[in-house]
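Notes to accompany the following structure.
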Amino acid sequence: MQRKKPWWQNAGLRIGIALVMLVLLGGAATGVVITQKAPQQPIEFPHNFHVGTGIPCAYCHSGAETGPVAGLPSIETCWGCHQQLRTNTPRLAKLAEYGSTNTPIPWVPVFIQPDFVHFNHRPHVAAGLECKTCHGDTAGQTVAEPIPGQNMGWCLDCHYKMAPENFTRLSDCATCHY
Amino acid sequence: MSKKLSRRDFLKLSCAAAAAGMVLVGCGPASRYVTRVPYAEMPEYQHIGKSTYYATTCRECPAGCGLIVRTFEGRAIKVEGNPNHPVNRGKICPRGLTSVQGVYNLDRITGPVMQGRRGKAGGQAISWDEAVALVKKRFQETKGSEIAFLLGAMPDSLYDLTSELASALKAPAPVRYSALNYLEGRDVWLAVASQYFGTPSFPYFDLENAEIVFNFGAEFLENWLSPMAYSRGYRGFRKGQLGARGYMVSFAPRQSISAAAADEWIPIKPGSEALVALALTRLAAYARSEFSPEITRQVDIKAAAEASGISEEKLKELASRFAGSNRPLAIGGGSALAGKSAFETASAILALNATVYNFNQTGGVFLTPAKAPSERFADVQALFEKMRSGAVKTLFIHGVNPLFDLPAALNAAEAFKRVETIVSFSSFPDETALASDYILPDHTMLEGWGYQTVLAGTTRKIVSAIQPVVVPLYDTRSTADVLIAAGGLPYKDEVDFLQQKILPLMSAGGTFTAPELPSFWAKFLQYGGWWQKSADYAAIDADALLKSSISMPEPHPAPADQYHLVVYPTQFGDGSGANRPWLHETPNPATTVMWNSWVEIHPQTAKKLGIHDDDVVRIRSEFGEIEAVAYLYPALRPDTVALPFGLGHEALGRFAEGRGCNPARLFPNASSQNGNLAWADTLVSLSPTGKRRPIARQESRHGVYGDGE
Amino acid sequence: MSEKVEAKKWGMVVDLDLCTGCQACVTACAMENNIPYTGEDETAYGRGLHWIRIQRYWKGEYPEVSPTHQPVMCQQCGHAPCEPVCPVYASVHSEEEQINVQVYNRCVGTRYCANNCPYISRTFNWFDYPHPVPESYSLNPDVTVRRRGVMEKCTFCVQRIRHAVDTAQAEGREIEDGEVMTACQQACPTGAIIFGDLSKKESAVSQAARSQRSFRLLEELGTEPKVVYLKGGGNYGG
Amino acid sequence: MSAKSVQMVLYPDTHLDQAAETIHRLRQHGIDDRDISVISGVPYSDKILGRPMSWTRIGLIGLAGAVVGFAIATSLNFGTPYLYPIRVGGQPFFPIPTSIVVTFELTMLGLLISTFLGVFIETITPSYGPKGYSPKVSDGHIGVLFSCPTEKMDEVKKGLEDLKPEWVKNPEAKL
Amino acid sequence: MAAETKTLSATHSASQEGEDLRQEHLMHDPKPREEMNGMVMEAMQTTSKKYWIALAIFGLGVLILLFGFWGNQIITGMGVTGKRRPVFWALYITTFVFWIGISHAGTFVSAILRVFKAEFRRPFTRAAELMTTFGLAAGALFPLIHLGRVWTFYWMIPYPNARWLWPNFRSPLVWDFLAITTYLLSSTIYLYLPLIPDLAMARDRSTGWRHSIYKLLALNWRGTEAEWHRLRKAINIFAFAIIPVMFSVHTIVSWDFAVSQTVGWHSTIFGPYFIIGAILSGVSAVVMILFIIQSTMKNMKYFIRLEVFDSLGKLVLIFSMAWAYFFFNEYLLHWYGGYQAVRDLLTFHAQGPTAWVWYTMLICNVAIPWLTLWNRKIRRTPLAMFIITTLVNVGMFAERYTIIPLTLGEQRFPFDWGAYSPRLTDISIVIGTFCLFIFLYLLASRLIPLIPVWEVQEGQMAHSTRKLGKGKVTSVAELE
């Protein structure tokens, strides 16, 4: 029964296992990291500047007050103002390119809804929530940055804090899941 | 108009497609990188995240139901009924519901094609300029009399336009037909109405307010004249709005859904409907202590009882019940109006109504105000005869699939070979499109313009509006636009044509009006059409009918080894629905079968022939043979077999191709004296093939029939 | 924001006397709720994903034979057998809408709920069903596209309920009777399906539910279904 | 105290009486019971060898585990529905009958796991008595281990001679 | 003081009968411990080429049939199995119940027979306990395998999370989860505790990697009085505590079915019915395993004797009768109740196209044991016993198959009845878990002393007495 070297001391096997673990862990870690990081946008939209000039959020994200989706502005919205402005910054040059060819800008949404969940902006806006309560202070950001940990517990926390008397209704599964 | 056209450019948008794709990938980091492409220019009537609803008209069958289509970010999401539309009042059938799967079908023709070889898929793509030039060239180079137009039952606007074009080109008037016509006996009603009332209009049977209804084979819940209107009528009939719950007797060799909805089903021998109707007419007159009308002069009650398999007592009982009712009504359709003596049958049914004086009465028979264009099978026959003789050089086909839905005995394919150029406007690669030289795809139902005159199921004048609810998905072009451009008609484009056509309606007393065309047009589109405020029917007189004398139809009992054939349309309509997956997945109401055809055989007959459920059976008529899977159907005469219509395509894309069987192969190329296709007299023989092919059914065979599995 | 809202009780009445079995509800449901088709082999093997199905039985012998049609969908039981057996609260009772909710995210796919459903009204996503482009364009954005391994069922078109509730709330009013229509109700050509708030005496649905013809499926199980059937076939008054 | 050395004598298991006698004699030689340890391949009753009852806290530890399990079960049964009340099947939020099942299982789990942990913990806890081992023990020998002052060694050896014990050399060798 | 021990059997040694008894009863045929140790160690360390081939085959089976197909099922979806509406549970849960049933044997044989001091259990408690653990390991996979989204299985574990959600403690599946976890852990420990002295024995007689493993596992076991005392106490606690756990496990498994409203499942008798069925199949499986061990491994004929088969045969017979009683009870009451759906179901079971399953169940579970096991000779023919018990297990599998897919297929609405037919994936995963079980057992047979030598010796010694003062006491602790 005596063997030269037990199989579990095989270097190849150990390296193999280590590699698999590394890939798995690395994948998981990358997954976690990239969901918490602002994605690459076609144009690094300077929120700070726009918010700073006093443009209300709903000017571009107009759907928030009337429906479930806040929406991303169309090229029309951007081009409407920027047509009159100079285009000598690199970002505006890019915008000019989209605008002049009337191509939609492929924005990457930052605040995404997990699948199988429905979120409706309207009641939240109607209840007087400010945009920055959930979306952070965009005045300090260029591209919008995600807020980590926006999960179901986060929703429930807020519902519980804001309206404990309505919590039964606001924690009802059918409110978001259908 | 140009504004309207240009809106199509706005709606170039595909974000949700990507989003939907990502949904499938599941949650996690993947959905982080969904790119969402917003509109380049936001149309004023689109709002982010909100649905826009458009009114339009269903083009799935000639009924002309009003639709409200929910669109979302430039895509048609859901078809709903237009609650204001007088035809369907917000209700809608499976075929209409799946019309989004027609628009977003996986097998559409994406642009004009020059076929390399007839009958083979895949040709050379051409541009629309070339296509229009080509059509123009054909118009110029072909003699007027050698041009032929073959059109489907929808939409009327195109028929009107083509008629104008044909007369401008000095070509014969377009020929129009639909498989539903001859399957449901529509054309017979038109012939009867022309004969006795002087107008080619459909009778309107006021089912809603009737108290007792004798139904001779009409499948009013499934197709017939206007399924949604008559379904609503059935509701009223059942709810007994004017009194008691209605009582319905159904005379049909096979129980369709409509026959099953009756309180009493009388499995009448096929071909004896006219005799029974006449016998009932006479007996009803007796019951009312009146003279029997002239039309019943020749009928012999005893012979009728014998021919139909209904006892004399039963006939008398039924007749006295009918005559004694406040609001009796007799209707007919389906296989009863599809034989050689269909005209006589329809006349007899009308006579039965006339004898209880229910013309123009609540719960009785009216005449729909709109005049219907002729849709006789005899005209189609004549056209194909002409083609066969080589007298047609250029053939334009829109909205029909003659290679599929005409009797194989007509040998349409052979006739096609004698035609120099065939131009198909089909949106889908169906048999006919593939057999033509050029396919210049029209928009599908939710992408195109038009109007549909409502011909049946109403006592008002209704013109239902068809408008695009989404931008055409592919490089298709409205056939009307092509014809206008190529034919040099005095219209700017299709919309201009439509506007001019609806111009007279502005002052015709509809539910709305407007001072000038643009606002009238806007309302026309907004409401989904134009209709009168109240009923506006021409009163009809029963005299001519009752005094006429009709030849007594000969019953033709089937020999021992042969069976009467009943073919009925299903949710696939004239067969054009066969490329929609969800129509396939919708179980057949009677058999719950999905995704395939079957042949209904009475269990006794099957036992006699040694056929079991799911056996593949060969059905042979004098004119052809097909194979179908046996379904032992208990509600069918033992001397009859029934086949659903609509499947058995050789083309039309992945969902239709090679699925099921096509009963049109069994039909004779025979029209009756009045021009309808006389398929119901066909006798077939059955033989098991020894093969078995279990078909998909929703019901459990073991649970429902106690066998199998 | 309104304070204590009275519990709504969505309910449905199906008049079997009017139901002709035409299957329009089945198709309408599929088109509204992004129900994928499965193809011939799969449906033949009982894996069709119909949320509503019309049970057709035969009554009598030829020639007195006739079919009976009964649309059966999730009965939205008050005491639903599917709910307590779910280990992860994927099948739960919505206190707000008084319907059963299937939370797709939460579902781990034990399929226990489906076994325990006496109405067999639940369907399971055996596969990831493809929604190829452009067919996927007609997907309803308000309804989740389910993935493999989760249970699904009729939701009483809860997305429409939510939409109506949301709209009514934004307009500061109560939901009107008939404002929420389920897809099946909307399509039903004979109007055999009535949907609405059972808790309101005057609503059409509660009036219909009080009919003498009314009965509930498998009432003896004590599931308290929210779907009420009215006897058909001329069984008036009893 | 003077230095002690650990000694071990072995008897085959047929010579049980000799082993008992050895213990008896060792006691007479003034070796305390605490300095004697019997190791064997089968459990012998304390009575047979005339040894004081050894004791263990396993029972107590198990009981404590059971209590912990019960507490966890109770908090899961009645605590978690309180944290996020979800109504299912018309059942109450805190149903007693179903909680009994969970309580039972978790209590038993607590009991059994802690019993095992008790064995484990008691094993690794330092214990009194001479340490030593001989593989022969598992071959059916009884070993008597004792630590004895070096000066008494000869006396003891002599006293045990007639029992014909087998002396183990170097009993403190590692296992 | 005179040292005098004699075996009980020795008193009859003169007679032929006594010699037979000695031949038959291990307890009366003592061998020196050293020899027994040697025999066990030899059996453990002998590996033939056949063994390696078998190990490789079953290992491959696990890899391909179980994990390969399972992986494919996870990626493709549950649809690769033959499940359908309304048969949402099928072969997986059937096999799950089967394995859980098998796993009752170890506990039953070891704990209950220990508590009742049945001597014949001694040589095979270890084999049975191993069966419990591996049976559970194979069975516990099934709740995972049958999940539609197995990657989220951990949602059944109660832990505080960002979603605020806990498992539903009202769900029988959570009970199941808890019960199986409890049972798996406790039966593993229960296997391990009595193993410690034997591991120490193995440690003393091995070198190399085996030595290091055994050394680690033996927890420095020396065999001091305190250690024995502790171990005995722990084993005692376990023996008593694991019995209710065992009963609870299968009861809860049966509640998975019984709490539902499914026709044919909603029955109060399901708890005991399942337990009896589990013990029946478990004891039968023990016989099967013992036969295989006895006929393939070295020196095992000494330990596993005809008396073992004889006694187990009697047990099988008794439990077969008990099972028949419960079955009849359940059937009669359902039938008498006259609820149409149940009647349809019972008729279907007996007369439908799948009636052969039902008849297999009755023939294998009732007819065969009843007809054969009365006979002492048959009970003492290991091969016959092997065949009979194999058939009993086939019958028990058929019973579960009847209860699960066949019952689910015929519920209240005949319109929705559906027949389930297993597909390749179902079958291979089921076979895969059999491979897993056999693979683990094969491995264990060469790593773990399959015979609890110390218990055997203890038993043998228990049959010898020693004078103490005026009375006689048995030598070992247990029989005090």
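Note on naming: letters A, B, ... go to the chains in the order of the sequence lines (proteins, then strands), and numbering restarts at 1 for each one. For the numbers below, each heavy atom of this structure counts, side chains included, while hydrogens, waters and symmetry mates do not.
- With F156(C) as the partner, the ring pair (Phe, Tyr, Trp, His ring centres under 6.0 Å) test is satisfied by one option alone out of W10(C), W51(C), F195(C): F195(C).
- Neither the backbone nor the side chain of I404(E) comes within less than 4.5 Å of any heavy atom in chain C.
- Side-chain atoms of Y420(E) and D426(E) form a donor-acceptor pair, as typed in the model, at a separation below 3.5 Å.
- Of the listed residues (A114(C), P87(C), G149(C)), the one with the most heavy-atom contacts under 4.5 Å to chain E is P87(C).
- When heavy atoms are compared at a cutoff of 4.5 Å, L49(C) does not approach chain E at all.
- A donor-acceptor distance shorter than 3.5 angstrom exists from the side chain of W89(E) to the backbone of T110(C), with no hydrogens or angles considered.
- Side-chain atoms of Q159(C) and N33(C) form a donor-acceptor pair, as typed in the model, at a separation below 3.5 Å.
- Between the side chain of W166(E) and the backbone N or O of P160(E) there is no donor-acceptor pair closer than 3.5 Å.
- For Y339(E) and R412(E), the side-chain atoms include at least one donor-acceptor pair closer than 3.5 Å.
- Proximity to chain C among residues 180-187 of chain E is not found for any residue, judged by heavy-atom separations below 4.5 angstrom.
- Between chain C and the options W151(E), F257(E), W155(E), the largest number of non-hydrogen pairs under 4.5 Å is found for W155(E).
- Among the candidates A341(E), P86(E), S260(E), the residue making the largest number of heavy-atom pairs closer than 4.5 Å to chain C is S260(E).
- Remark: R423(E) is positioned above the aromatic ring of Y45(C), its terminal NZ or CZ atom under 6.0 angstrom from the ring centre and at most 45 degrees off the axis.
- Rounding to the nearest 0.5 Å gives a distance of 11.5 Å between CD1 of I145(E) and OG1 of T425(E).
- Taking a cutoff of 4.0 Å between a charged side-chain nitrogen and a carboxylate oxygen, R162(C) and E97(C) qualify as a salt bridge.
- Residue P118(C) touches chain E through both its backbone and its side chain, counting heavy-atom pairs closer than 4.5 Å.
- For the options V88(C), V92(C), L221(C), heavy-atom pairs under 4.5 Å to chain E are most numerous at L221(C).
- Neither the backbone nor the side chain of V263(E) comes within less than 4.5 Å of any heavy atom of chain C.
- Y154(E) does not touch chain C: none of its heavy atoms, backbone or side chain, sits under 4.5 Å away.
- Within the 4.5 angstrom heavy-atom criterion, no atom of Q70(C) approaches chain E.
- Between the side chains of N125(C) and E152(C), at least one donor N or O sits under 3.5 Å from an acceptor N or O.
- Contact of D256(E) with chain C is made through backbone and side chain together, with heavy-atom distances under 4.5 Å.
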(request) In sequence, state the C-alpha distance, the side-chain angles, and the governing distance for F127(C) and T76(E), and then conclude on side-chain contact (heavy atoms from CB on, under 4.5 Å). (result) CA-CA 6 Å; F127(C) 298 103; T76(E) 321; 4.0 Å; yes
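- In this structure a side-chain-to-backbone donor-acceptor pair under 3.5 Å is present from T407(E) to T402(E).
- Per-residue heavy-atom pair counts under 4.5 Å with chain E were compared for R56(C), R53(C), E42(C), and the maximum is reached by R53(C).
- A donor atom on one side chain and an acceptor atom on the other are found under 3.5 Å apart for Y119(C) and T223(C).
- Interface residue L408(E): only side-chain heavy atoms are found under 4.5 Å from chain C.
- With a threshold of 4.5 angstrom between heavy atoms, P143(E) does not approach chain C through any atom at all.
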